[in-house]
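Each chain gets a letter, A, B and so on, in the order its sequence line appears, and its residues count up from 1. Computed from a predicted model, the values in this text were never measured in an experiment.
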Amino acid sequence: MSETGFEGIAVDALDEAGAAAELARLAALIHRANTAYHTEDAPEISDAAYDAAKARNAAIEARFPGLKRADSPSDVVGAATAEGFGKVTHAVRMLSLANAFDANELADFDAGVRNFLGLEKAAPLAYTGEPKIDGLSLSLRYENGVLVQAATRGDGEVGENVTANARTIAEIPQEIAGAPALLEVRGEVYMGHEDFAALNARQAAEGGKTFANPRNAAAGSLRQLDATITARRPLKFFAYAWGALSEPLAETQSEAIARLHAFGFTTNPLTRRCESLEEMRAHYAEIEAQRATLPYDIDGVVFKVDDLALQARLGFRSTTPRWAIAHKFPAEKAWTCLEGIDIQVGRTGALSPVARLRPVTVGGVVVSNATLHNEDYIAGRDSKGEPIRGGKDIRIGDWVEVYRAGDVIPKVADVDLSKRPEGSEPYRFPETCPDCGSEAVREAGDSVRRCTGGLICPAQAVEKLKHFVSRGAFDIEGLGAKQIEMFYADEVLPIREPAEIFTLQVRDAATVSKLANRDGWGETSARKLFAAIEERRRIELRRLIFALGIRHVGEVVAGDLARHYGSWAAFSHAVDLAGPAGQRHLAAEAAVREEREAAAADGRRARVSETEAAAWAAEPAVPAEAKAAWDELVGIDGIGAAAATALVAAFHQPAERASIDRLAGALEVIDAARPATEGSPVAGKTLVFTGTLEKMTRAEAKARAEALGAKVAGSVSAKTDLLIAGPGAGSKAKKAAELGVETIDEDGWLALIGEG
DNA sequence: GTGCCTCGAGTTCC
DNA sequence: CTCGAGGCAC
């Protein structure tokens with residue numbers, strides 16, 4: 001301890017004055033060590049001395065809590081609490097990128113961009129190209145040039161507050177000059193190869209855990225709850241994008257990056273402007289050639305439309321921008337033995353085969369499981385019966401080639417037939433559910449086999465409950481997948497259906513063996529769980545609809561339904577009403593399917609419309625209001641017959657309906673708000689575009705309208721508020737006139753949204 | 001009827 | 001993250 005110069009003075013022996021002086025000295029020492037670690041070749045003090053200084057600081061603070069300094073090294077501003085990091089909602093969402101895996105997909109991307117913008121093939125269109133760093137993305141918020149917050153990507157909407165940790169990264173400026181009043185800089189935190197090797201060597205020497213690869217090391221280092229540990233990790237940062245801004249940075253991507261560089265950020269030196277698809281391909285090849293000699297990991301090349309005005313026009317799909325793509329390098333592969341095939345049962349009853357593999361390292365991670373998708377994939381055919389992998393099937397005992405799709409999901413790419421064991425048999429996919437024994441059937445044209453057990457099947461019931469408490473649904477704190485499994489199996493205090501979550505506390509009060517007395521539970525954790533459940537008794541309509549776990553009704557569709565119907569009463573009433581019409585639709589669909597099969601067998605053309613009409617006529621007539629409710633349901637943009645019939649089926653299946661009613665009775669449902677985008681002239685209105693649009697493409701017009709809170713429908717009905725008709729408008733314009741729907745032309749539309 | 005595009009449902013490892 | 005398929009435009 002001689003380096004720190006406080007040998008002999010035991011913490012117990014310190015008086016207040018001595019303790020205060022000691023805390024001041026330790027704070028200075030530790031802060032100095034943190035900065036020295038990044039800026040100087042040789043650390044000022046050894047790791048052991050550093051750790052001792054920190055431990056001593058903590059011990060003195062524990063004994064004299066009143067003396068804790070404002071700049072205490074154990075308590076940096078924005079530091080995480082014991083519960084974890086604070087949450088940060090991103091002002092502008094942090095999206096992921098669409099991928100291209102070969103030159104053709106890159107060309108498709110370019111063609112798609114041109115198509116959306118209505119550009120000719122040969123029209124000039126520039127992109128920027130830069131290496132895709134294999135690290136983790138970070139958003140840095142600067143207010144008046146001062147770093148005030150750093151957040152991880154999280155799910156793109158909400159990330160974690162890692163401000164204290166980010167402040168320890170030398171390449172992240174604490175202050176910048178000449179920047180807009182508000183500037184969110186985005187980029188990648190990563191660890192270089194040499195630093196990674198040195199860190200792992202140090203970790204090994206100290207008996208700590210080593211990291212599998214630089215990316216994990218960077219992620220693990222940034223997410224340290226103790227920022228002083230992050231400070232000792234050699235993290236670096238490349239800036240490549242931005243989020244919220246008080247004023248535009250530039251007119252092009254490349255100028256904006258140059259400005260970030262001028263502000264003091266490190267930007268990647270391999271960033272280039274590419275004037276054509278050929279230049280993009282060449283740049284990709286150049287970066288790929290340098291990959292092995294770069295001092296950090298990259299996994300591809302990112303291309304972005306250079307013109308920011310065009311980026312704005314292109315906008316976003318649900319999870320990715322239309323103006324950027326990541327051209328990924330081919331994935332690393334490895335051979336190993338397939339030791340077994342397990343069947344998992346999902347919440348919809350889908351039977352999913354999972355490969356159990358002899359553990360093998362692929363791209364720096366040990367893989368022991370891989371998805372086998374479905375029955376056909378194992379058999380070596382796709383859903384149309386075309387051979388894949390050259391028609392090779394997959395058998396237990398085979399040598400298989402594994403890769404991680406998108407560097408994440410392990411998949412089986414190939415089979416080595418020369419190593420196939422003698423006497424092996426093709427895998428026989430089970431025709432009954434491995435969990436409940438019910439028959440597992442494949443519907444015509446479906447690639448997955450499903451357990452027909454429904455709510456009787458324990459696997460389905462558990463998975464449905466897990467879905468119910470998942471993030472986009474009820475998201476109850478302290479009630480995750482593990483707890484659901486525990487409660488499902490519980491004899492005394494079971495949760496076998498969603499409604500039982502909301503009776504848990506009452507039932508607990510009535511039993512002798514209280515939750516709070518069990519292993520792993522205490523007063524506090526039980527009380528917290530009950531409080532979290534109570535908090536969710538008030539629930540947004542969209543979350544409730546999503547949580548029901550009805551097939552074809554995911555987060556987006558649930559949101560559409562909630563927005564359309566507004567309240568639980570209106571929604572459930574509409575689905576009830578639509579029931580008879582839905583049944584009739586199902587019958588007609590079955591008849592058409594039969595006709596198709598019969599026609600295929602006889603080698604003649606199927607009489608689709610006649611069969612459909614006949615089936616409709618044969619069914620008992622449905623009340624007009626049922627027909628109207630059904631038409632309204634399938635008329636909602638994004639909802640078709642499949643989702644509608646699934647909804648109707650769920651509400652009309654007695655057991656399922658009873659379960660839904662019990663749940664709804666326990667809740668207070670918050671009505672959905674109309675998407676009143678402020679100042680938008682079309683918020684909440686239903687629009688229809690028809691004819692040829694000349695100033696923007698249809699996709700673009702739709703995206704713009706939706707961004708303004710409008711709903712874009714495909715056909716004109718009494719619900720339509722506004723028809724935008726270009727030249728060549730036909731039946732829709734006529735119908736709009738009949739219904740008295742307001743109709744404007746494209747210029748009128750542009751004027752309306754303020755772009756005239 | 002055909003060809004995008006988006007969404008849902010499945011998946012692994014840390 | 002990928003695949004399949006539903007939904008919708010052409």
Side-chain angles (χ1 to χ4, degrees), chain A residues 96-99 101 108 111-112 115-116 136 209 211-213 215-220 223 316-320 322 326 328 331 342-357 359 361-374 376-377 382-384 388 402-412 443 445-448 450 463-464 466-467 470 472 546 549-560 605-606 608-609 634-646 688-693 697-699 701-703 706 712-715 728 732:
Chain A
S96 48
L97 296 179
N99 293 317
F101 292 99
D108 289 347
N115 185 28
F116 191 97
L136 61 155
K209 71 160 192 173
F211 294 98
N213 54 50
R215 202 178 79 85
N216 285 358
R223 296 192 69 260
F316 302 89
R317 280 186 286 262
S318 64
T319 59
T320 59
R322 284 195 191 85
K328 296 296 226 27
D342 283 356
I343 302 289
Q344 295 182 355
V345 184
R347 79 178 156 85
T348 62
L351 267 46
S352 310
V354 177
R356 302 297 173 206
L357 305 165
T361 302
V362 190
V365 173
V366 177
V367 167
S368 46
N369 300 310
T371 174
L372 289 170
H373 292 121
N374 56 51
D376 290 342
Y377 192 81
D382 67 13
S383 57
K384 291 171 202 86
I388 48 174
V402 181
Y403 72 104
R404 297 205 304 150
D407 275 338
V408 181
I409 312 290
K411 293 177 60 169
V412 172
E443 276 172 35
D446 204 350
S447 59
V448 299
R450 290 196 152 82
E463 294 303 317
K464 274 199 116 162
K466 285 184 190 167
H467 171 79
S470 69
F546 173 59
I550 292 161
R551 206 135 80 89
H552 304 127
V553 182
E555 264 186 285
V556 174
V557 170
D560 290 345
R605 269 181 78 96
V608 174
S609 45
V634 295
I636 301 171
D637 197 25
I639 291 152
T645 48
V688 175
F689 289 93
T690 187
T692 316
L693 299 179
T697 64
R698 187 171 289 260
K702 185 175 180 209
E706 283 174 350
V712 179
S715 57
K732 287 182 191 174

Selection from [options] that lies nearest to any side-chain heavy atom of [X]:
{"X": "A350(A)", "options": "dG10(B), dC7(B), dC14(B)", "value": "dG10(B)"}
{"X": "N99(A)", "options": "dG10(B), dT12(B), dT2(C)", "value": "dT2(C)"}
{"X": "T348(A)", "options": "dG10(B), dT12(B), dC3(C)", "value": "dG10(B)"}
{"X": "H552(A)", "options": "dG6(C), dC13(B), dA9(B)", "value": "dG6(C)"}
{"X": "A642(A)", "options": "dT11(B), dG10(B), dG6(C)", "value": "dG6(C)"}
{"X": "S96(A)", "options": "dC7(B), dC13(B), dC1(C)", "value": "dC1(C)"}

Take the protein atom [atom1] of [X] and the nucleotide atom [atom2] of [N], then report the distance between them rounded to whole Å.
{"X": "R347(A)", "N": "dG10(B)", "atom1": "CZ", "atom2": "C1'", "result": "10 Å"}
{"X": "I409(A)", "N": "dT11(B)", "atom1": "CD1", "atom2": "P", "result": "10 Å"}
{"X": "K411(A)", "N": "dT2(C)", "atom1": "NZ", "atom2": "C1'", "result": "6 Å"}
{"X": "Y403(A)", "N": "dT12(B)", "atom1": "OH", "atom2": "P", "result": "14 Å"}
{"X": "H373(A)", "N": "dA5(C)", "atom1": "NE2", "atom2": "P", "result": "12 Å"}
{"X": "R450(A)", "N": "dG10(B)", "atom1": "CZ", "atom2": "P", "result": "7 Å"}
{"X": "R551(A)", "N": "dC7(B)", "atom1": "CZ", "atom2": "C1'", "result": "14 Å"}
{"X": "I636(A)", "N": "dT6(B)", "atom1": "CD1", "atom2": "P", "result": "20 Å"}

For residues 343-356 of chain A, please give each side-chain donor-acceptor pair under 3.5 Å, one per line with the distance, not counting sequence neighbours.
| unit_1 | atom_1 | unit_2 | atom_2 | d |
| --- | --- | --- | --- | --- |
| R347(A) | NE | H467(A) | ND1 | 3.4 |
| R347(A) | NH1 | G549(A) | O | 3.1 |
| R356(A) | NE | D342(A) | OD2 | 2.6 |
| R356(A) | NH1 | N369(A) | OD1 | 2.6 |
| R356(A) | NH2 | D342(A) | OD2 | 3.1 |

Check whether any side-chain N or O of [X] sits under 4.0 Å from OP1 or OP2 of [N], and answer yes or no.
{"X": "S352(A)", "N": "dG10(B)", "value": "no"}
{"X": "T371(A)", "N": "dT12(B)", "value": "no"}
{"X": "S447(A)", "N": "dA5(C)", "value": "yes"}
{"X": "Q344(A)", "N": "dG10(B)", "value": "no"}
{"X": "S368(A)", "N": "dC13(B)", "value": "yes"}
{"X": "R322(A)", "N": "dC4(B)", "value": "no"}
{"X": "N369(A)", "N": "dC13(B)", "value": "yes"}

When we call it a touch if two heavy atoms are under 4.0 Å apart, what does [X] touch: a base, just sugar-phosphate, or nothing?
{"X": "V448(A)", "result": "nothing"}
{"X": "A219(A)", "result": "nothing"}
{"X": "L351(A)", "result": "nothing"}

- Query: Where each residue is assigned the nucleotide of DNA chain B containing its nearest heavy atom, which of A355(A) and F546(A) is assigned the position nearer the 5′ end?
  - Reply: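 Going by which nucleotide is closer to the 5' end, it is F546(A).
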
- Task: Not counting sequence neighbours, which residues clear side chain to side chain contact (heavy atoms under 4.5 Å, CB included) with A643(A)? List them please.
- Result: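 Side chain to side chain contact (heavy atoms under 4.5 Å, CB included) check on A643(A) returns H552(A), I639(A).
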
- Message: Could you spell out the base pairing of DNA chain B as a dot-bracket line? Use Watson-Crick and G-U wobble contacts where both distances are under 3.5 Å, [ ] for crossing pairs, | for partners on a different strand.
- Response: ||||||||||....

- Query: Partners of Y377(A) by ring-ring contact (aromatic ring centres under 6.0 Å, His included), sequence neighbours excluded?
  - Reply: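 Partners of Y377(A) by the ring-ring contact (aromatic ring centres under 6.0 Å, His included) criterion, ordered by chain and then number, come out as H373(A).
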
- Task: Using a 4.5 Å cut-off on heavy atoms from C-beta on, say whether the side chain of V367(A) contacts that of R404(A).
- Result: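 They are in side-chain contact.
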
- Item | Set of residues satisfying side chain to side chain donor-acceptor pair (under 3.5 Å) with respect to K466(A), sequence neighbours excluded |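 Expected list: E463(A), E485(A).
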
- Message: According to side chain to side chain donor-acceptor pair (under 3.5 Å), who are the partners of E555(A), at least two apart in sequence or on a separate chain?
- Response: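 For E555(A), no residue satisfies side chain to side chain donor-acceptor pair (under 3.5 Å) once neighbours in sequence are set aside.
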
